[in-house]
Amino acid sequence: MRERFKLETTSFSLHCMAMVFMLCDHLWGTIVPGNDWLTCIGRLTFPIYAFLLVEGYFHTRSLKKYMGRLLLFAVLSEIPFNLAMGSQIFYPIHQNVLWSFLISLSLIFLNEKVRQKPLWIRIVVAAGTVLLGYLLGILTFVDFYHGGILTVLVFYFFRRRVWWGYIGQFLALWYINMELLGGFMYEIPLFGTTFFLMRQGLALFALIPIWLCRGRQGYHSRWFQRFCYAFYPVHLLILGLLKFL
């Protein structure tokens, strides 16, 4: 009997999509400004990476090595990020996204440490890490600020593939992107009425490929893992240098 076709994404396909979407966004922010369709596509990047980060936490063989790799590439990405986004080597008012991920993983670790504790302790720690993530996101100037760290926590707290988990993800991401982050609005005249579309709200469309993921890894190899890590600083360095040409 022929196997039924299933529309499904894998960790591999999500990584590929995220890298393409991120490149589009960074092209718009560096060498081809004005092409808003690029940054509209780019809005889907962060939720996908946030989802993959949480999955990586639960599937890594060594959290210490996982965070060590992120720390290494966060440091390596600092100058390329500064060149691309700030046109200078030292750019203290905006830090690259890998620092956001490191903070987020640390907060997840704190929640996991009390997983076997009484419910009231877990609730207090969960609320405390949300507040701490909110403050650290603002005070450290990491990419996407508090919204980025809270997005990762959303995929952690609503990780289970059940109906209330999907609703929780949607509502939380709606609030983060539409209320906390907000931003530019597009006016769309249609049928004699003007509708408004918030650019950052397009990030919600990232839930479609995320929800299509059923936990399958797909293609995996050491070279691809290294490529995914190296892609971030390398493409930023290239774009940063091209800005000066």
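- Between F244 and L83, the closest side-chain pair of non-hydrogen atoms falls below 4.5 Å.
- Connection of L131 to V114 is not established within any shared hydrophobic cluster, with ILVMFWY side chains joined at heavy-atom distances below 4.5 Å, either directly or through further cluster members.
- Note that CG of L71 is 9.5 Å distant from CG of L98, once rounded to the nearest 0.5 Å.
- Here the closest non-hydrogen pair linking L181 and F144 is CD2-O, 3.8 Å.
- With no hydrogens or angles considered, a side-chain donor-acceptor pair links Q169 and W211 at under 3.5 Å.
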Intermediate values then yes/no, side chain to side chain contact (heavy atoms under 4.5 Å, CB included), Y156 and N111: CA-CA 10 Å; Y156 168 70; N111 280 278; 3.3 Å; yes

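- Side-chain atoms of M17 and P209, non-hydrogen and from C-beta on, do get closer than 4.5 Å to each other.
- Side-chain contact of S77 with N96: a donor-acceptor pair under 3.5 Å is absent, judged by distance alone.
- Under the 30°/60° scheme for interplanar angles, the aromatic rings of H26 and H235 are found to lie parallel.
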Checking L119 against R122 for the side chain to side chain contact (heavy atoms under 4.5 Å, CB included) test, could you report, in this order, the C-alpha distance in whole Å, the side-chain angles of both residues, the deciding distance, and whether it holds? CA-CA 5 Å; L119 179 60; R122 284 180 281 152; 3.8 Å; yes

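- Checked against the 6.0 Å centroid criterion, the rings of Y229 and F227 do not qualify as a close aromatic pair.
- Minimum heavy-atom separation, G201 to M178: CA-SD, 3.5 Å.
- Across every non-hydrogen atom of M19 and C228, the tightest pair is CE-SG, 3.9 Å.
- Between P233 and F73 the shortest side-chain heavy-atom distance falls below 4.5 Å.
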Evaluate side chain to side chain contact (heavy atoms under 4.5 Å, CB included) for Y166 paired with L207, printing each intermediate quantity in order. CA-CA 9 Å; Y166 296 132; L207 289 173; over 6 Å; no

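- Using modelled atom types, one finds no donor on one side chain facing an acceptor on the other under 3.5 Å when comparing D25 with T45.
- Side chain of T60 to backbone of G56: no donor-acceptor contact under 3.5 angstrom is found.
- At a threshold of 4.5 Å between non-hydrogen side-chain atoms, the residues S104 and L53 count as touching.
- Figure legend: R159 and F58 shown as a cation-pi pair, the cationic atom lying under 6.0 angstrom from the six-membered ring centre and within 45 degrees of its axis.
- Cluster membership for F155 and V130, using ILVMFWY side-chain heavy atoms within less than 4.5 angstrom, is shared.
- The same ILVMFWY cluster, assembled from side-chain heavy atoms under 4.5 Å apart, contains both W174 and F46.
- Of all heavy-atom pairs spanning L44 and A206, the tightest one is O-CB, 3.5 Å.
- Here CH2 of W99 is found 10.5 Å from OG1 of T140. Values are rounded to the nearest 0.5 Å.
- By the 30° and 60° cut-offs, the orientation of the rings of F101 relative to Y49 is tilted.
- Summarising the local packing, CD of Q116 is surrounded by 12 or fewer heavy atoms from other residues, nucleotides or ligands at distances under 6.0 Å.
- Here the CZ-CZ distance, from R216 to F12, works out to 12.0 Å after rounding to the nearest 0.5 Å.
- Environment of CZ in F109: sparse, with no more than 12 heavy atoms of neighbouring residues, nucleotides or ligands closer than 6.0 Å.
- Heavy-atom neighbours of L139 CG from other residues, nucleotides or ligands within 6.0 Å: above the threshold of 12.
- Separating the OH atom in Y186 from the SG atom in C40 is a distance of 3.5 Å, to the nearest 0.5 Å.
- Formation of a donor-acceptor pair under 3.5 Å by the T39 side chain with backbone atoms of D36 is not found in this model.
- Counting only heavy atoms from C-beta outward, the side chains of V142 and V97 never approach each other to under 4.5 Å.
- Residue L153 is grouped with residue W164 when hydrophobic side chains (ILVMFWY) are merged at heavy-atom distances under 4.5 angstrom, including chains of intermediate members.
- Closest heavy-atom contact between H59 and E55: ND1-O, 2.8 Å.
- Put simply, the side chain of Q225 reaches to within 4.5 Å of the side chain of R69, judged on heavy atoms.
- In summary, the side chains of K243 and S87 do present a donor paired with an acceptor at a separation below 3.5 Å, with no hydrogens or angles considered.
- Put simply, the side chain of T194 does not reach to within 4.5 Å of the side chain of I188, judged on heavy atoms.
- Here the OG1-CD1 distance, from T129 to I108, works out to 9.5 Å after rounding to the nearest 0.5 Å.
- Dense packing is recorded around CZ of F196, with more than 12 heavy atoms of other residues, nucleotides or ligands lying under 6.0 Å away.
- Annotation for M198 and G182: closest pair SD-CA, 3.5 Å, computed over non-hydrogen atoms.
- Side chain to side chain, Y145 and Q95 fail the donor-acceptor criterion of an N or O pair below 3.5 Å.
- Taking hydrophobic clusters as Ile, Leu, Val, Met, Phe, Trp and Tyr residues chained together by side-chain heavy-atom distances below 4.5 Å, I123 does not share a cluster with F158.
- The aromatic rings of H94 and Y91 sit tilted, their planes meeting at an angle between 30° and 60°.
- Counting only heavy atoms from C-beta outward, the side chains of H220 and F224 never approach each other to under 4.5 Å.
- Rounded to the nearest 0.5 angstrom, L150 CG and Y134 OH are separated by 8.0 Å.
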Chi angles and distances behind the side chain to side chain contact (heavy atoms under 4.5 Å, CB included) call for L107, L110: CA-CA 5 Å; L107 297 177; L110 290 176; 4.3 Å; yes

